[in-house]
Amino acid sequence: MTLQLPVLVQTPAHSNLGGALSYESDTAHPPGTLVRVPLGQREILGIVWDTLEEAPALDPGVRLRSIAAPLDGVAPLTAAWRQLVQFAAQYYQRSAGEVALAALPPQLRELTGEQMARRLKKHQGASADKSSSTTEKSSLVALTTEQQQVLGAMADRTGPFLLFGNTGSGKTEVYLRRVEALLSQDAEAQALLMVPEINLTPQLEARVRERFQHWGEEAIVSMHSGMTPAQRLRSWLLAHTGRARIVLGTRMAIFASLPRLRLIVVDEEHDPSYKQQEGARYSARDLAVYRGRLEQAQVILGSATPSLESWHQSRSATDTDRGGRYIRLNMPSRIGAGSLPRVRRVDMNHQPRKTIFSAPLLQAIRERVARQEQVLILLNRRGYAPVLHCAECGWKSACSHCSAFRVFHKLDRTLRCHHCGFTQRVPRQCPACGNADLGMFGRGTEQLEEQMTQLLGDSVRADGAGLRIARIDADSTRLKGALEQQLAQVHSGEVDVLIGTQMIAKGHDFRRVTLVAALDPDGALFSSDFRAPERLFSLLMQAAGRAGRDARLSLAQGCEMWVQTSHPTHPLFDALKQHDYVSFAEQQLKERQLAGMPPFSAQALVRAEARTQEAAQAYLSAVREAGEEIVQGLQAEGFPLESAPLSLYPAVPMSLQRVANVERAQMLVECPSRPVLQAFLARWHAQLHAIRASHRQVIRWAIDVDPLSI
Ligand code: ADP
Ligand code: ZN
Ligand code: ZN
């Protein structure tokens, strides 16, 4: 007998072939089975799915094609995994086929059945010895009281938990103990540990491997975009077959096939890199909470500076508010009584104009390095001097393809656009007026490094050697392994002063750093993006957390965080001085509530790109009009639009309006109720496709649910 089976395949984005396609089969492959199916002239990977619900109606005359072959030896994906994909597709308004196939390792899509069989054989070595002993108790540190309390709460309740723990309070130790507890209770249980950027946390991977090495080589696998296709396939297969007990990965790992998932940890849960910025723009953190509930896996979100969303979601109940869904657990103390740095503000209004390093900061740096302590200098821009400029006629090094300025890179004397990559040699004279004396605006890490070298050139270390200054940013770490090597130099004490972008502020456990300086953080105070202060605060708190990690050093010498600012009395810096995330968060949340912004409302953005701004906006205006009609319909259906009004804002140019000669515009939809917004988006989505058909000038459009930058 011939059956008809729904099969998900990777359909082109926005082709509106969202759901599964129908194929004939002689065998009743269960849902979740990986199969190869013909599509057009090709044979591609598909997944037998549960329903056809989203599939377009077939013409009665069309003959169904047959499934070519199942991928033998690979067990079907679980119902929970399929549900996760279905939910993510629906919530983020993409097709299930796109989300599902993108979540599988690329090689799975490319290998033939034969090649696959060979791979499987290769990975079918002796299974890890699951009965083996737990970690030697004697090699474990004694837990602090706070760690014990937190672990006690996690043993008693299901969560999800927000672990609000200071930098260096021992959060990682809590994660590892929880992994140990859950995985030794159940010989098949699996844990997912997520980190923002794997390159920045090589120490975590080393710690996890060391702690759990008794489970065998295959028990711990990584998943991130820096791996080769072969490595990714290996990790995926080990997780899918249950041989891997711990998956350590970046946001993509949220879609790992883990048949017996019992724990999900999202470390540094506030980090923006958990949000995917293309394709299905999912938040791996939010999906972690969903997946945890779906699979009854415990979820731990950890941070010293939680996202305001998670903070709000973990508020306690009051008389008028039933509180958030997360359980907040606190670990305020740093291990070994290491103190947080004293925060010192330098009022740049009282410094000579164009001062880069104020005199007191320079003096402080000299003293630190003379004692062989280390200094971190944080600047949130890369390149030498962001903009080349002519004082005669006002010419600036604008990119001719983007609404952005090109950045001067001293090393190869080029002007480079950081958005489209357009690069030219630095002109000898002003292209507009011929003036040969071109100047700089602003400054970047490269210039800082040079300045620092000049200013501190005469300083020596305690051992008599010259001072060593290093720079870490996206430019200096482009080569593979460069970042690891540079970080190793910092750890080994070869480097005295480290200059860098936010890359240096995250997660590192530099033992000898006693002074951290932020040179020019003011831009974020007045940004048009309402999340800019939240990001700045968390960056500065993280940076401060890099200082004084060695309690002996910090007790002996005291450690400091310096902020050079023209707005020293800004409340954000007051809160920083007190290391007071709580009051900062409460104040920000109050402002957000008054303004009706997230987390007090849910948002979605539609973005459109076209050759002209008019064309991009015309499309958005049309979809806005269609949206207004949907709102009327929802009202008629009885959706509570009085208490949760849905606002459709007019189209505006994006803050970076033009990139590579393409104009960009966006429109915002906002609603205090997430379910109402979701109901709206579900109806609106088809319209976005339909209207596009009559706006041929639109090159691309995309929808971003819960956007992180506006
Ligand atoms: P966090 O993740 O909160 O920044 P970590 O877990 O990395 O903190 O802990 C900071 C340092 O303290 C690490 O070097 C870790 O090995 C150490 N540490 C953690 N817990 C303890 C403990 N209970 N006793 C002693 N040292 C600990
Ligand atoms: Zn450009
Ligand atoms: Zn000029």
Side-chain angles (χ1 to χ4, degrees), residues 139-151 163-179 193 195-196 200-201 203-208 210-211 265-269 300-306 329-338 340 387-407 414-424 427-439 491 505-511 541-542 544-552 554 656-664:
S139 68
L140 294 176
V141 293
L143 294 173
T144 64
T145 316
E146 286 175 6
Q147 285 171 328
Q148 284 170 16
Q149 281 166 349
V150 158
L151 283 163
L163 178 54
F164 173 49
N166 216 328
T167 47
S169 62
K171 292 187 290 298
T172 311
E173 187 63 35
V174 168
Y175 307 149
L176 299 184
R177 295 289 177 113
R178 207 55 210 138
V179 170
L193 289 182
V195 293
L200 298 182
T201 43
Q203 287 174 337
L204 179 63
E205 184 168 358
R207 255 169 97 176
V208 172
E210 188 194 317
R211 179 72 59 95
V265 173
V266 184
D267 190 25
E268 310 288 3
E269 66 88 34
I300 305 172
L301 312 177
S303 177
T305 53
L329 301 172
N330 300 303
M331 294 210 300
S333 315
R334 290 186 115 182
I335 300 285
L340 280 167
V387 179
L388 202 62
H389 119 112
C390 169
E392 289 290 316
C393 74
W395 174 87
K396 295 189 192 70
S397 56
C399 175
S400 47
H401 309 292
C402 308
S403 55
F405 293 109
R406 279 176 302 161
V407 173
T414 56
L415 289 176
R416 196 180 307 159
C417 174
H418 284 185
H419 299 289
C420 74
F422 179 52
T423 304
Q424 274 184 325
R428 284 175 201 288
Q429 52 194 37
C430 172
C433 74
N435 169 25
D437 188 22
L438 293 176
H491 284 293
K506 291 182 184 176
H508 309 292
D509 196 12
F510 299 133
R511 307 306 297 182
M541 288 280 280
Q542 293 288 330
R546 295 317 108 210
R549 293 179 80 84
D550 185 328
R552 275 165 313 157
S554 78
L656 182 63
Q657 182 178 334
R658 198 160 55 102
V659 170
N661 288 328
V662 172
E663 288 282 337
R664 313 176 337 145

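Just so you know, ligand 1 is whichever comes first in the structure, and atom 1 is the first atom listed for that ligand. Numbers here simply count residues along the sequence, with the first being 1.
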Next item on the list: Indicate yes or no: does an N/O atom of Ile335 lie under 3.5 Å from an N/O atom of ligand 1?
Entry: no

Notebook entry, point to check: Judging by distance only, is a nitrogen or oxygen of Gln147 under 3.5 angstrom from one on ligand 1?
Noted result: yes

Notebook entry, point to check: Would Gly168 count as a contact of ligand 1 if the rule is a heavy atom under 4.0 Å away?
Noted result: yes

Checklist line | Atoms in ligand 1 flagged as close to Ala142, the criterion being non-hydrogen separation under 4.0 Å | finding: 22 (C), 23 (N), 24 (N)

Notebook entry, point to check: In terms of atom number and element, which parts of ligand 1 are under 4.0 angstrom from non-hydrogen atoms of Thr144?
Noted result: 23 (N)

Check: Does Val141 reach ligand 1 with a nitrogen or oxygen that is under 3.5 Å from one of the ligand's nitrogen or oxygen atoms?
Finding: no

Notebook entry, point to check: For the Zn ion (ligand 2), does an N/O/S atom of Cys417 lie at less than 2.8 Å?
Noted result: yes

Check: How many degrees, to 10°, between Cys399 SG and Cys402 SG as seen from the Zn ion (ligand 2)?
Finding: 110°

Note to self: Under the side-chain contact (heavy atoms from CB on, under 4.5 Å) test against Arg406, which residue among Arg416, Gln424, His401, Lys396 passes?
What the structure shows: Gln424

Note to self: Closer than 4.0 Å to some heavy atom of Asn166 - which atoms of ligand 1 meet that?
What the structure shows: 3 (O)

Next item on the list: Identify the two heavy atoms, one from Gln429 and one from Gly434, that lie closest to each other, and give their separation to 0.1 Å.
Entry: CB-O, 3.4 Å

Next item on the list: State plainly whether the residues Glu173 and Arg211 are in salt-bridge range, i.e. N to O under 4.0 Å.
Entry: yes

Item checked: Closest candidate by heavy atom, reference atom 15 (C) of ligand 1, pool Glu173, Arg207, Gln148 -> Arg207

Next item on the list: Answer with side chain, backbone, both or neither: which part of Asp267 has a heavy atom less than 4.0 angstrom from an atom of ligand 1?
Entry: neither

Next item on the list: Start with the C-alpha gap between Leu151 and Val174, add the side-chain angles, then the distance that decides, and say whether side-chain contact (heavy atoms from CB on, under 4.5 Å) holds.
Entry: CA-CA 7 Å; Leu151 283 163; Val174 168; 3.9 Å; yes

Notebook entry, point to check: Counting N and O atoms only, with roles assigned by atom type, does the side chain of Glu146 sit under 3.5 Å from a partner on the main chain of Ser333, one being a donor and the other an acceptor?
Noted result: yes

Margin query: In the structure I gave you, are the side-chain heavy atoms of Arg177 and Leu140 within less than 4.5 Å of one another anywhere?
Written below: yes

Item checked: Minimum heavy-atom distance Thr167-Gly545, with the two atoms named -> OG1-CA, 3.4 Å

Notebook entry, point to check: What are the two closest non-hydrogen atoms of Cys390 and Leu438, and how far apart are they?
Noted result: CB-CD2, 3.6 Å

Next item on the list: Have a look at Leu204, Leu163, Thr172, Leu140 and point out the one with the heavy atom closest to atom 2 (O) of ligand 1.
Entry: Thr172

Next item on the list: Indicate yes or no: at least one non-hydrogen side-chain atom of Glu268 is less than 4.5 angstrom from one of Gln542.
Entry: yes

Margin query: I need the SG(Cys430)-the Zn ion (ligand 3)-SG(Cys393) angle, rounded to 10 degrees.
Written below: 110°

Check: For ligand 1, which atoms, with element, lie under 4.0 Å from some heavy atom of Leu143?
Finding: 23 (N)

